[in-house]
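What follows is a single structure, written as structure tokens, with notes after it.
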Amino acid sequence: MTTQNKDNNRRNFLKSSATAIATGLVGGSIINSFVSCKDKNKTEGEKMNVLTHDGKLVAIDKSQMANFKPHISDEDVRKGIPGKKFVMVIDLAKCDGCGKCTKACNKMHYLPTNKAWLSVVDMQDSSETAPYYFPKPCMHCDNPPCTKVCPVGATFKREDGIVAIDNTRCVGCRFCMAACPYSVRLFNWLEPEKPNIVETTPAAEHVFQSKKGCVEKCDFCPHMAREGKLPACVTGCPMNAIWFGDANEDAVTCYDGTTTKLSQLLQDGAAYRFMEELGTEPSVYYLPPTNRSYDAKEIKIENAE
Amino acid sequence: MRVNQKHTIILFLFFLANTTLFAQDEKISGNIVLQMGANDTMHVVTATLTNIATKQPVKAVQLTFYVQRTFGLMKVADGTTDTTGITSAEFPLTIPPGDPSGKITVVAKVENSDVVNDTSFSTLATSKIPYQQSKKIAASIAGSNAPLWLIIAFTLTVGTVWLFFAYVLYLVYLIKKSAVKSIHN
Amino acid sequence: MEKIDQEIKNKIQDELLATVGKRYRQETFWVIFLSIICIGGTVAWIFQLKKGLGVTAMRDYVSWGLYISLLFFFVGISLIGALVSCVLRLSGAKWRYPLIRIAEAVTLSAIFFAGFMPVLDMGRPERLYYLITHGRIQSPILWDVMAIATYFFGSVIYFYLPLIPDLATMRDKLTDAPKWRRTLWKWLAMNWTDSLIQRKLLKKGMFILCIVILPVAISVHTISAWLIAFTLRPGWNSTIMGPYFVFGALMAGAAIMILIIAKLRIGYRLEKYLTAVHFNHLGKILLALTAFYLYLNINKYGVPAYKMAKDEKPVLEDLFFGNNSILFWFTQIVGIVIPIIILSIKKLRNTIRWVVTSSILVLLGALINRYLIVVPSMLHPFVPIRHAQPGFATYYPTLTEWTITASSLAGFLLLTILLFKPFPVITIWEVTEELEKQGEKPIGVENILTTQNSAYHAS
């Protein structure tokens, strides 16, 4: 039933977007999506770049905006994708620290280079043990310390496991940042540079989440998952180090499309979760960095302090 | 099922028309028919591979069996067709379904064969594991709605204190009241 | 019970009412000076609102800084009201009478700014009302908001109740004041005729409030402590936080009380009412609280330091030997140990100057200590900081941030002064009532205070 509805919605949507494209293309070309929105005048016949829910940029006339109704409601977003429980598995043995996951993520979410939702941390537990690269996305904990403390429910745990942020709700108290033991949350200290796109989905599933005075972080790309597509970091990792999938289906998929049984992967790889002792129950699993496919000695640990 | 099959055949005829013109002549186009069965612990999938043109079984072709997942096809088994064009394979009944119908989509594929062009066929099977409804993650304080005990405790504590405040303000009112009386007397 | 000589009563009333509406040169200077700082702070705040919190030195690692430290400081000194009006009341200390209104005024203005600091720290203060429309009571912030609001409201009532008889005195005596003032006093005095019933009702109200406000006051500070103790951060993840904050608060509150009465005593010429005895008593209280705070500090830092667990180690090393070590040892030695030594010596404790000196040290230590509670833990998260952008792995507050911080402190002092202004700073009726109970004695509270070490009168 749900899939049928979704298909219907999609068909209606495609119909409306087709008319929109037709009218939009008469007037002009697609505006560069990175043009700053500061210099735009709100005039008739202005073109807008609309990011459709299937990840396409469509230039349309501004008067056609009404045709772009969100295909999911605010409640859908708060509830999550039905029947899913998203998990990520990161194979530390394969990660050579190239940082392409961060780049792909930043591209997907229009983040500047000085921000990283997914940062690759060089880790060394002690001077005698081997260093390794540690990609650190949001752990999407099942017992999230951040959603516990949010005073307004701006960050919330969805039934599909995703911890999302609604930046139309966030008051910017930054309690969640203090509460997060993984330091994955970022704050928009100044006005972020906005891409010239308009999104029709509810705020918590926006591709571009930066808003002055609000918190943002890795969101597991729910807009992609709704389309059955992998998050940007997975499709951006040429080492096949990041797996993503649905725990309810007991399957995870990586960059080259290989899909494998999640339980088997966790068992065979002796997977662990980061800082399990904190009881946060993360949704991200790590496979220990054994038999690495790169030279561990080349990692240089740079201490910030 | 039957409708599905016809569709596939028509599709493949289209394909045939296209591929025979440009592809190498030695490859033939195949058609796979899947039949699902099960024993106590395993799904048993039986595939029959035939030549679309001659309707003859094709032997000694490697078939791979997949289960459709959200983000890709998960390989569960493989097999090689015998002289009757049939191969069968088993995979565990415990593969969970991906949609509310409780069914799993099983896909058989011929990939990189020397004899047959790449082809695939999919069918539905019933999983032994029920579909996972979105279940509440047990995190009472982390969740969106406050647990009842917290609401009661919060309201009671705050309410009691404010009731005392109200009572003290009532006493102030009484102070005013009592003075009026004494003035009148 | 002998009736007090009406003449003496009148004299006390006149003396204490003298401060109402009167302008003092030094006071005017302070009001203007503090107002200028506040205006500067407002400008800085507008700048911060426009640009975003990026104008501060707070970044993704140190996401809480001076503002939240100051929140803890203000919540701390707001506890003084509860100390004077409840703890001293319940312990039957008679010398507290002249202190009640001063303590409540400090409490009121401190709790007001405690409520204001989080707003300064918010990324989107225009969404403040979401706390009501979308509030989640699972969050300690909601508890804190509720506790601060409750404590503020309770303190307003507690400020008002003992004011009723004094307002009546003002209504009756200050007949040459502007009309609107007299109307206001008349309205606020609630037809007070000093009848027996009214006195009984007033005492009852004050007693109830005294009992109720104590748990509220403690909850305010405990919940503020929970804001950081409820997180998993090294240095914060500790069960001692609640009591640590409460006693640190009482200590800071006692210190600021001493400083304020020292200033008022000279400035408002209240030497007869705020005597060396008060400084002696408050000095003793400060000594006890400081000593207990030292004990809590040993527990808070000593226990994890003995274990030196992996996660706690960087925070503790930063405090003991690192960048923050100067501040840390300053708070411990200058802010705690030296005041303990000064106050332990009876000779020094009996001199106002030394009590005031140690109060300044304690207060300064307490202020820095709030900063040391907040910032070092944020600089040492579980996941080590790597490849941090410049300015992200350190915290040096910017000018804007200092301006806003300074103006919050200035605003607190200003509000306190302004609360002293429209009313007599000392509860007249309680002082005269105490005199009545003591029988006719020569004027001057000093004499009363020396004779009442043992007697306890249920009030």
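Every chain is numbered from 1 and lettered A, B, ... according to where its sequence line falls, protein lines coming before strand lines. Hydrogens, waters and symmetry mates play no part in the numbers below; they use all other heavy atoms, side chains included.
C/Tyr395 places a side-chain N or O within donor-acceptor distance of the main-chain N or O of C/Leu66, the cut-off being under 3.5 Å. A donor-acceptor pair is defined here as one N or O able to donate and one able to accept, closer than 3.5 Å; such a pair exists between the side chain of A/Gln124 and the backbone of A/Thr129. Put simply, the side chain of A/Gln209 never gets that close to the backbone of A/His109: no donor and acceptor are under 3.5 Å apart.
Looking at A/Arg174 and C/Asp121, a side-chain N of the basic residue comes within less than 4.0 Å of a carboxylate O on the acidic one, giving a salt bridge.
No part of C/Phe392 comes within reach of chain A, as not one of its non-hydrogen atoms sits under 4.5 angstrom from that chain. Contact annotation for C/Met378: only side-chain heavy atoms (C-beta onward) come within less than 4.5 Å of a heavy atom of chain A. With a 4.5 angstrom heavy-atom cutoff, C/Leu227 touches chain A via backbone and side-chain atoms both. Of the atoms belonging to A/Pro145, it is side-chain heavy atoms, and not backbone ones, that fall under 4.5 Å from chain C. Interface residue A/Asn167: only backbone heavy atoms are found under 4.5 Å from chain C. Heavy atoms closer than 4.5 Å to chain C are found in both the backbone and the side chain of A/Lys212. Interface residue C/Leu49: only backbone heavy atoms are found under 4.5 Å from chain A. C/Trp236 touches chain A through its side chain: at least one heavy atom from C-beta onward sits under 4.5 Å away, while N, CA, C and O do not.
Chain C forms more heavy-atom pairs under 4.5 Å with one residue of A/Ala178, A/Ser183, A/Gly172 than with any other, namely A/Ala178. Among C/Thr231, C/Asp60, C/Ile141, C/Thr394, the residue with the largest count of heavy-atom pairs under 4.5 Å with chain A is C/Asp60. Put simply, of A/Tyr182, A/Phe134, A/Phe187, the one with the most heavy-atom pairs under 4.5 Å next to chain C is A/Phe187. Between chain C and the options A/Ala154, A/Gly279, A/Cys150, heavy-atom pairs under 4.5 Å are most frequent for A/Cys150. Ranked by non-hydrogen atom pairs under 4.5 Å with chain C, the options A/Val215, A/Thr280, A/Val184, A/Leu278 are led by A/Leu278. With chain C as the partner, the residue from A/Val171, A/Leu190, A/Asn188, A/Thr147 showing the most heavy-atom pairs under 4.5 Å is A/Val171. Among C/Gly135, C/Ser139, C/Pro125, the residue with the largest count of heavy-atom pairs under 4.5 Å with chain A is C/Ser139. Taking chain C as the reference chain and counting heavy-atom pairs below 4.5 Å, the highest number among A/Cys170, A/Cys180, A/Cys214 is found for A/Cys170. Contact count against chain A (heavy-atom pairs under 4.5 Å) is highest for C/Pro140 among C/Ser377, C/Pro140, C/Pro381.
Below 30°, between 30° and 60°, or above 60°: for C/Phe113 and C/Phe74 the angle between ring planes is between 30° and 60°, a tilted geometry. Note: C/Phe152 and C/Phe112 have tilted aromatic rings, judged against thresholds of 30 and 60 degrees for the angle between ring planes.
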*A/Trp243/A/Tyr285 under side chain to side chain contact (heavy atoms under 4.5 Å, CB included): CA gap, chis, key distance, verdict*: CA-CA 9 Å; A/Trp243 303 77; A/Tyr285 294 86; over 6 Å; no

*Check the pair A/Arg185, C/Ser63 against side-chain hydrogen bond (donor to acceptor under 3.5 Å, both in side chains), reporting the backbone distance first and the verdict last.*
CA-CA 10 Å; A/Arg185 288 175 167 260; C/Ser63 54; over 6 Å; no

*side chain to side chain contact (heavy atoms under 4.5 Å, CB included) evaluation trace for A/Thr201 with A/Ile72*: CA-CA 7 Å; A/Thr201 42; A/Ile72 36 171; 4.1 Å; yes

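Here C/Trp45 and C/Phe116 bring their ring centres to under 6.0 angstrom of each other.
Side-chain contact between A/Phe175 and C/Trp64 is present, with at least one heavy-atom pair separated by less than 4.5 Å. Residues A/Asp160 and A/Phe220 have side chains not in contact (no heavy-atom distance under 4.5 Å, counting atoms from C-beta outward).
With no hydrogens or angles considered, no side-chain donor-acceptor pair links C/Tyr244 and C/Ser238 at under 3.5 Å.
Heavy-atom proximity under 4.5 angstrom to chain C picks out nothing from residues 86-99 of chain A.
C/Lys313 contributes atom NZ, which lies 12.5 Å from atom CZ of C/Phe320 (distance to the nearest 0.5 angstrom).
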